[in-house]
Structure formats: structure tokens, C-alpha cells
Amino acid sequence: MTSGVSKSSSRSFRPWAWLPQLSVMDRYIAKELALPFLFGVGAFSSIGVSIGALFELIRRVSESGLSLAIAAEILALKLPEFVVYSFPMSVLLATLMTYGRLSGDSELIALKGCGVSVYRMVLPAIVLSFLITGATFAFNELIVPAANYRAAVTLERALGNERPAFQDRNILYQEYQSVRQQGEQRDVLSRLFYAREFDGERMQGLTILDFTQEGLEQIISAQSAIWNFSQNTWDFYNGTIYVVSADGSFSNILTFEEQQLQLPRAPLDLAARGRDYGEMNIAQSLEQLEVIKNSGNQGRIRRLKVRIQQKYALPFICVAYGLVGSALGTRPQRSNRATSFAVSIVIIFSYYLLMFISQALAQSGAISPFLGGWLPNIFGITAGGFLLVRAAR
């Protein structure tokens with residue numbers, strides 16, 4: 001009787017009972033996928049680090065006297081970026097090698113004979129692809145930007161050419177507003193902000209041209225100005241305000257020792273040290289976009305929009321590669337690891353070539369930023385789905 005109660009109790013307190021149970025086939029295929037995936041992460045990360053960082057650091061050590069300790073620290077900080085890039089490539093290699101071996105050893109034929117469809121066979125690979133997609137997104141948002149930024153700062157300090165935490169000279173901010181002219185919507189200059197110097201807190205030598213009031217223009221000249229955080233205004237000191245009428249005459253001239261003006265904070269944000277695209281996550285990129293969206297620099301705005309879409313799209317390369325690799329691997333064939341690796345290199349090269357082309361088209365305005373970031377994924381997932389349907393016939 002005690003034995004019966006024990007069995008019933010053990011069935012009642014299974015903490016993972018709500019999870020779907022993996023079949024023997026799923027566990028077997030997942031185990032076969034794991035080793036090639038880890039091999040791919042190591043191989044592709046090593047190649048990426050060697051080409052993208054190691055050779056440059058060796059040159060810095062030999063030519064600029066960079067210490068080996070600093071070089072090793074920078075290399076460690078750059079490693080997460082290349083590990084992330086290796087994730088999609090490793091998914092492709094793992095699916096090609098695993099399903100290619102299963103096909104070559106006639107194991108897939110045996111599974112088909114048992115009534116298992118190709119779609120069911122590749123399901124573990126698709127699940128793996130989505131799991132790696134989540135890991136790629138997490139790495140790209142939480143680890144890679146911070147590590148890249150720290151690596152850049154460490155290298156600059158070691159070489160003695162560290163950039164200041166702010167732009168110290170010639171801060172120029174242009175603000176545009178959309179108006180309707182002659183039946184068309186156009187962007188016209190509404191305000192121009194110029195400061196000769198900036199020490200991180202106080203702007204020096206300011207000139208502001210304000211065209212926001214129709215038929216009236218303001219020219220503000222001041223020795224210095226600081227941003228008032230408590231009131232969200234600019235405090236200008238020792239300056240003059242010139243009010244110019246539509247006919248070009250001065251309608252009013254006002255001198256002041258201290259004056260608060262309701263002007264945007266954007267020039268202060270623009271003067272702060274900007275990060276490169278690889279040093280920002282999505283949230284930081286969106287903040288940067290808000291700062292520059294009214295600057296009128298359409299080329300820079302478009303580039304940043306494309307990069308933001310690429311940050312969203314990059315993790316889903318894993319899904320595209322998982323589909324393509326599984327579909328190609330399930331075809332009747334006999335391939336070894338060298339062949340799978342070579343096929344992976346060709347597919348990866350083709351994919352990134354398409355990515356660079358779509359990025360260039362989006363930055364030139366030929367296609368939208370969304371298509372510029374997602375077109376390679378759309379093409380890859382479509383091609384993978386088509387190949388999978390053919391393999392299932």
C-alpha cells in the first residue's frame with residue numbers, strides 16, 4: 001500500500017509535467033545538431049576574430065607600442081561581436097552536416113518508411129533556429145554594444161588619442177519643419193543653432209537663427225549658454241536678440257545679461273559623444289534617431305533607420321539558415337563535413353552580399369529602410385521554404 005501511495009505521489013509532483021515531452025527522434029536529432037553547432041561557433045568565431053580584430057591588434061602592438069595586456073583585453077571585448085555573427089552561420093553548418101549525414105546513412109529513409117514526414121524531421125532544427133534567434137537578440141542588445149564601446153574607449157586611451165565625452169568645437173544643429181508650399185509638403189529650415197566651443201557644460205560663442213514665426217526672424221547672439229535641467233530651458237548670458245521684419249529691417253533689438261529661452265535641448269544631445277552603430281543597442285539607436293531626425297541630414301537619418309531595421313532582422317537570419325540548411329541536408333546525397341562547410345561558406349557569402357546590396361539601396365533611398373534590413377531574411381526564408389517543400393515531395 002505504501003508503494004502505491006509513493007507512485008501516486010511521484011506522479012502528482014512532477015514539476016515539469018506541463019512541458020511537451022521530447023520524442024526519441026527529437027532527442028536524437030537535437031543531440032546530433034549540438035556538436036556541429038558548437039564546432040561552428042568555435043570555427044567561425046576564430047575566423048572572424050582573426051580577420052576582424054587580431055591582425056589589426058598585432059599591427060598596433062608592433063607599430064604603436066600597444067601593450068600585450070591591453071591588446072588581450074580589447075580582443076576579449078571584441079569576441080562577443082564575432083560570437084554573435086557565428087550563431088547564424090553555425091545553425092546553417094549544423095543543419096547541413098546533421099541532415100546530410102542522416103541522409104547519407106539512409107536514416108532519413110528509415111524514418112520515412114516509419115511514416116515520419118520531412119517536415120516533422122526538420123522540426124528540431126527549426127526549434128533550434130528560434131532558440132538561437134533569441135540568444136542572438138539578447139547578445140546583440142545586452143552584451144555586444146557595451147563591449148564594443150568599452151573596447152573602442154580602451155584602445156583610444158592606450159594610444160593617447162581618446163575622444164572627449166562631447167564635441168568640444170563647432171556644434172551645429174539644424175532643425176527643419178514640414179510645411180506645404182505650392183501644393184507639396186516640403187522640409188524647410190526653421191532654426192539653426194551654432195556654438196563655437198563646448199566644455200561639457202557651457203556653450204560658448206552662440207548664434208541662433210530662428211525662422212519659426214512667419215514674417216518675423218530672430219537672431220540671437222550670446223557669449224555663453226547652459227541647459228537648465230530643472231526648467232528645461234536654455235539660460236543665455238551676455239547677448240543680444242535682433243528681431244528682423246519681413247522687409248529686412250530691424251524691428252527690435254534687445255540686449256540682456258541673462259535670458260531664458262524656450263529652445264530645444266537637441267543641440268546639447270548632439271554635442272554629447274556619439275557612439276558608432278556597433279556601439280548602440282536598439283533603444284540607444286532610437287534615441288539617437290530622435291536627436292537627429294530634425295537636423296535635415298537625410299543621409300545620416302536614413303543610414304540610422306536602415307541600421308535599426310538590421311538590428312531587428314539580424315537574429316532571424318538563424319531561421320532562414322535553419323530552413324535552408326535543413327532542406328538541403330535532407331536531399332538524397334552522400335556528403336562529408338568538408339562539403340557541408342564549403343556549401344555553408346557559399347551560402348553565407350551570397351547572403352551577406354545580398355545584405356550589403358539591400359543596405360546600399362536603402363541608404364540611397366531606392367527602397368525603404370524596412371526592406372533594406374529585412375529583404376535578405378525574406379529572400380532566405382522564402383528560398384528555405386521552397387526547398388523544404390521540394391524535399392518533402
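Atom set for the values below is all heavy atoms of this structure, side chains included, hydrogens, waters and symmetry mates excluded. Along the sequence shown, the residues carry numbers beginning at 1.
At a threshold of 4.5 Å between side-chain heavy atoms, the hydrophobic network of Ile, Leu, Val, Met, Phe, Trp and Tyr places Leu375 and Val306 in two separate groups. The same ILVMFWY cluster, assembled from side-chain heavy atoms under 4.5 Å apart, contains both Val319 and Leu388.
For Phe44, the ring-ring contact (aromatic ring centres under 6.0 Å, His included) test picks out Phe341, with sequence neighbours left out. In terms of the side-chain contact (heavy atoms from CB on, under 4.5 Å) criterion, residue partners of Met280 (sequence neighbours excluded) are, by chain and number, Arg275, Tyr277, Gln284, Ser285, Gln288, Leu304. Taking Tyr351 as the reference, Tyr321 meet the ring-ring contact (aromatic ring centres under 6.0 Å, His included) condition, with sequence neighbours excluded. For the side chain to side chain donor-acceptor pair (under 3.5 Å) test, residues two or more places apart in sequence or in another chain that qualify with Ser45 are Ser86. For Asp210, the side chain to side chain donor-acceptor pair (under 3.5 Å) partners at least two apart in sequence or on another chain are Thr212. Considering only residues two or more places apart in sequence or on other chains, Ser368 meets the side-chain contact (heavy atoms from CB on, under 4.5 Å) condition with Phe370, Leu371. Every residue meeting the ring-ring contact (aromatic ring centres under 6.0 Å, His included) condition with Tyr242, not counting sequence neighbours, appears here in chain and number order: Phe250. Ala320 pairs by the side-chain contact (heavy atoms from CB on, under 4.5 Å) definition with Ile381, not counting sequence neighbours. Every residue meeting the side-chain contact (heavy atoms from CB on, under 4.5 Å) condition with Arg202, not counting sequence neighbours, appears here in chain and number order: Asp199, Gln204, Ser224, Ile226, Tyr237. For Phe316, the ring-ring contact (aromatic ring centres under 6.0 Å, His included) partners two or more places apart in sequence, or in a different chain, are Trp374.
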Fill in: Test log, rule side chain to side chain contact (heavy atoms under 4.5 Å, CB included), inputs Val118 and Lys112
CA-CA 8 Å; Val118 171; Lys112 287 180 182 179; 3.6 Å; yes
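Within the 4.5 Å cutoff, no side-chain heavy atoms of Ile220 are placed close to those of Leu206. Contact check for Leu111 versus Leu102: no side-chain heavy atoms found under the 4.5 Å cut-off.
Counting only distance, with no hydrogens or angles, the side chain of Ser326 and the backbone of Leu323 share no donor-acceptor pair below 3.5 Å. Looking at Ser67, its side chain does come within 3.5 Å of a backbone N or O of Ile70 through a donor-acceptor pair. With hydrogens and angles ignored, the 3.5 Å screen pairs no side-chain donor or acceptor of Asp105 with any backbone N or O of Glu107. Between the side chain of Thr240 and the backbone N or O of Thr255, no donor-acceptor pair lies under 3.5 Å. Distance alone, capped at 3.5 Å, places no donor-acceptor pair between the Thr154 side chain and the Ile74 backbone. Under the 3.5 Å distance criterion, the side-chain polar atoms of Ser90 are matched with a main-chain donor or acceptor of Gly40. Side chain of Tyr99 to main chain of Met121: a donor-acceptor pair is present (N/O by atom type, distance under 3.5 Å, no hydrogens or angles).
Using a 30° and 60° split on the angle between ring planes, Phe236 and Trp234 fall in the tilted class, from 30° to 60°. Between Phe229 and Trp227, the angle of the ring planes goes over 60°, which puts this pair in the perpendicular group of the 30/60° scheme.
The hydrophobic cluster containing Leu354, built from Ile/Leu/Val/Met/Phe/Trp/Tyr side-chain heavy atoms closer than 4.5 Å, also comprises Phe379. Grouped by direct or indirect side-chain proximity (heavy atoms under 4.5 Å, Ile/Leu/Val/Met/Phe/Trp/Tyr only), Leu123 sits with Val127, Leu131.
No donor-acceptor contact under 3.5 angstrom links the side chains of Glu257 and Asn238, judged on distance only.
Salt-bridge annotation for Glu141 and Lys311: absent, with no side-chain N of the basic residue lying under 4.0 Å from a carboxylate O of the acidic one.
With rounding to the nearest 0.5 Å, the separation of OG in Ser129 from CD1 in Ile317 is 12.0 Å.
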